Amino acid sequence: MSRFPRSQDAPPEVGGVFLTEPAIRARVAELGARIADDYRLREIVLVTVLRGGVFFLADLCRAIDGPLRLDFIAITPYTEARAGGVRITKDLDEDIEGKHVLIVEDIIDTGLTLNYLVGVLRARGPASLEIAVLLDRDQRRIADLPIAYRGFQMPDTFVVGYGLDLSGRLRNLPYVGTLAEDVLEGLGLG
Ligand code: IMP
Ligand code: MG
């Protein structure tokens with residue numbers, strides 16, 4: 001297989017493929033089947049964090065054979081500079097009290113973003129609250145959260161594509177890619 005499934009000319013920022021489209025598809029199908037099995041016929045509210053989680057959500061929800069609803073939330077990303085100031089920029093549209101809520105996120109790194117979200121949602125009294133992430137990078141974990149559904153464990157590298165962005169770009173790559181050396185160096189990650 002070629003290094004770049006869609007084209008020989010991957011965007012110049014991309015260094016290689018970390019997860020191919022078929023690998024993602026196969027794993028998402030497994031997760032969807034497990035979720036359907038775990039919740040049986042109880043309705044799930046999939047709460048997705050805008051914007052990166054939307055791509056994973058779109059595939060995951062179609063892999064779940066069972067009743068579900070979708071809702072979306074957006075928050076300012078957690079950074080140390082903004083430590084006390086994480087806030088909701090777009091709230092859920094529906095009440096989750098008494099509902100089975102499953103948070104769908106693209107990646108968990110420090111865990112601080114999800115930790116904030118879990119605190120906010122738990123206070124609203126859902127019947128249950130679980131987390132599904134496509135990628136789990138645990139080298140920098142600060143907030144230790146139980147992850148019920150995990151796509152892939154990953155090494156300490158920044159990735160783009162399938163929803164994950166580099167300053168807002170490259171979300172539309174159908175695979176998950178690593179960054180080219182010069183981009184990593186530019187970001188001080190090289
Ligand atoms: P955390 O609060 O450190 O767990 O950060 C999680 C958030 O940071 C995710 O929702 C992503 O938006 C972003 N993020 C973390 N790692 C990456 C990456 O490798 N590529 C793109 N975005 C990332
Ligand atoms: Mg995100």
Side-chain angles (χ1 to χ4, degrees), residues 4 10-21 23-24 27-28 31 46-60 70-92 101-122 129-190:
F4 299 102
E13 298 94 331
V14 176
V17 175
F18 174 64
L19 295 171
T20 63
E21 280 186 83
I24 297 169
R27 186 66 183 134
V28 171
L31 292 179
L46 298 179
V47 167
T48 303
V49 187
L50 296 173
R51 287 165 273 191
V54 168
F55 298 70
F56 177 38
L57 167 77
D59 289 339
L60 183 66
L70 307 180
D71 209 340
F72 299 89
I73 194 164
I75 57 179
T76 52
Y78 196 106
T79 62
E80 267 169 57
R82 258 187 258 136
V86 186
R87 64 190 172 84
I88 296 173
T89 55
K90 184 234 169 279
D91 206 341
L92 299 178
V101 173
L102 178 57
I103 301 174
V104 178
E105 233 314 29
D106 49 8
I107 186 167
I108 178 169
D109 183 25
T110 63
L112 293 172
T113 306
L114 274 174
N115 193 47
Y116 169 78
L117 201 58
V118 163
V120 167
L121 299 184
R122 185 161 286 145
L129 183 60
E130 301 292 349
I131 297 172
V133 293
L134 179 71
L135 300 173
D136 180 0
R137 187 172 53 215
D138 65 9
Q139 295 85 356
R140 278 192 295 256
R141 189 65 38 84
I142 295 170
D144 199 20
L145 293 166
I147 311 288
Y149 307 98
R150 169 189 290 106
F152 301 89
Q153 236 19 103
M154 60 168 299
D156 195 6
T157 358
F158 193 88
V159 284
V160 290
Y162 199 72
L164 294 145
D165 70 302
L166 174 67
S167 305
R169 299 181 52 248
L170 300 173
R171 292 191 197 273
N172 58 321
L173 296 176
Y175 52 87
V176 176
T178 54
L179 293 179
E181 282 301 326
D182 57 322
V183 178
L184 285 172
E185 278 159 26
L187 292 173
L189 302 170

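Everything numeric in this text was worked out from a predicted model, so none of it was measured. Whatever order the structure lists ligands and atoms in, that order sets their numbers, starting from 1.
- The closest approach between any non-hydrogen atom of R137 and ligand 1 is below 4.0 Å.
- Inter-residue side-chain proximity for I24 and Y162 is flagged as met; some heavy-atom pair is nearer than 4.5 Å.
- Using a 4.0 Å heavy-atom cutoff, L114 is absent from the residues neighbouring ligand 1.
- Around the CG atom of D144, the shell of radius 6.0 Å holds no more than 12 heavy atoms that belong to other residues, nucleotides or ligands.
- Considering every non-hydrogen atom in both L50 and A74, the closest pair reads CB-CB, 4.0 Å.
- The main-chain N or O of D165 is never found under 3.5 Å from a side-chain atom of R169 such that the two would form a donor-acceptor pair.
- At least one side-chain heavy atom of L114 sits less than 4.5 Å from a side-chain heavy atom of V133.
- Just one of D109, D136, T110 meets the side-chain hydrogen bond (donor to acceptor under 3.5 Å, both in side chains) condition when paired with R141; it is D136.
- Considering backbone and side-chain atoms alike, V159 places an N or O below 3.5 Å from some N or O of ligand 1.
- Under a 3.5 Å cut-off, the side chain of R87 and the backbone N or O of T76 do not form any donor-acceptor pair.
- Ligand 1 has a nitrogen or oxygen under 3.5 angstrom from a nitrogen or oxygen of E105.
- Residue-ligand proximity: I107 is placed with a non-hydrogen atom under 4.0 Å from ligand 1.
- Among D165, L179, T110, L166, the residue whose heavy atom lies nearest to atom 3 (O) of ligand 1 is T110.
- Considering backbone and side-chain atoms alike, G111 places an N or O below 3.5 Å from some N or O of ligand 1.
- Those atoms of ligand 1 with a heavy atom of L164 less than 4.0 angstrom away are 20 (N), 21 (C), 22 (N).
- Heavy-atom separations between G52 and ligand 1 are all 4.0 Å or longer.
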